[in-house]
Amino acid sequence: VIAKAVARQFANHDEYLAYQKANRESHLEEYRAKSRQWKAEHREQHRESSRRYGAEHKDDISTKLKAKRRALKQTILDAYGSKCACCGESTYEFLTLDHINGDGAAHRKSLGFTEGRSERVYKDIIARGFPEGFRILCFNCNSSLGFYGYCPHHSAVPIAELTPTR
């Protein structure tokens, strides 16, 4: 009986994979519960397996994570205008999200961290539906604002008075 089942799986492999995928999707919570239970019962084995997988696939994991972070940042840029509200810079690598009221540290702290991890901030903003109070600035304008309270592009006008992109 087992040999016949295996033969069917290989004879119609694409059909079998589609069946497996549909079955998993229709019973997703059950699969997740079983997975959580197995991980709890086999904690050390799971940790070792995860470490080994991470070491063996380090480059692939890094590439995928970079792509996810880039897509997340692009979503934020698209929602808030994709260019610096001060100087008009539009090069992706130079752009960053600015908290208009200067409350970025408080926002990060409310999410449970104080440094780095911009993807958490991005996910929070996306989850809240791209609220007002944010704009896109290039790193130069954002740094100048943080250090000096104005940007040299508009030294006569405090950057807070510039029209935000959202």
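Every value quoted in this text rests on a predicted model; they were computed, and no experiment measured them.
Heavy-atom minimum distance, K83 versus G88: CB-O, 3.9 Å. P131 approaches Y80 most closely through the heavy-atom pair O-OH, 2.6 Å. Listed here is the closest heavy atom pair of R120 and G112: NH1-O, 4.1 Å. Listed here is the closest heavy atom pair of C87 and C84: N-SG, 3.4 Å.
No more than 12 heavy-atom neighbours from other residues, nucleotides or ligands sit within 6.0 angstrom of CZ on R43. In E15, the CD atom is not crowded: 12 or fewer heavy atoms of neighbouring residues, nucleotides or ligands sit closer than 6.0 Å. Within 6.0 Å of atom OH in Y148, 12 or fewer heavy atoms from other residues, nucleotides or ligands are found, so the atom counts as exposed in its surroundings.
Between the side chains of T91 and E89, a donor-acceptor pair is found at a separation under 3.5 Å.
Listed by chain and residue number, nothing satisfies the side-chain hydrogen bond (donor to acceptor under 3.5 Å, both in side chains) test with E25 (two or more places apart in sequence, or in another chain). Evaluation of the side-chain hydrogen bond (donor to acceptor under 3.5 Å, both in side chains) rule for S26 yields no partner, not counting sequence neighbours.
Side chain of T96 to backbone of L137: no donor-acceptor contact under 3.5 angstrom is found.
For the pair V121/I76, no side-chain contact is recorded, criterion being any heavy-atom separation below 4.5 Å from C-beta on. Counting only heavy atoms from C-beta outward, the side chains of L97 and I136 approach each other to under 4.5 Å.
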Got a list of side-chain donor-acceptor pairs under 3.5 Å for residues 49-66, not counting sequence neighbours?
{"residue": "S50", "atom": "OG", "partner": "H46", "partner atom": "O", "Å": "3.0"}
{"residue": "H57", "atom": "ND1", "partner": "Y53", "partner atom": "O", "Å": "3.1"}
{"residue": "T63", "atom": "OG1", "partner": "D59", "partner atom": "O", "Å": "2.9"}

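Residue pairs meeting the salt bridge (charged side-chain N to carboxylate O under 4.0 Å, His left out) criterion with at least one partner in residues 31-40, sequence neighbours excluded, are E29-R32. Each ring pair (Phe, Tyr, Trp, His ring centres under 6.0 Å) pair with one or both residues in residues 15-39, not counting sequence neighbours, appears once here: W38-H42. Pairs engaging residues 67-79 under the side-chain hydrogen bond (donor to acceptor under 3.5 Å, both in side chains) rule: Q74-D78, D78-S82 [sequence neighbours left out].
Aromatic ring pairs are classed by plane angle as parallel below 30°, tilted from 30° to 60° and perpendicular above 60°; the pair H107 and F134 is tilted.
Going from atom CD1 of I126 over to atom CD of E119 covers 11.0 Å, rounded to the nearest 0.5 Å. With rounding to the nearest 0.5 Å, the separation of CD1 in I100 from CD in E132 is 8.0 Å.
L145 and F139 fall into different hydrophobic clusters, where Ile, Leu, Val, Met, Phe, Trp and Tyr side chains are chained together by heavy-atom contacts under 4.5 Å.
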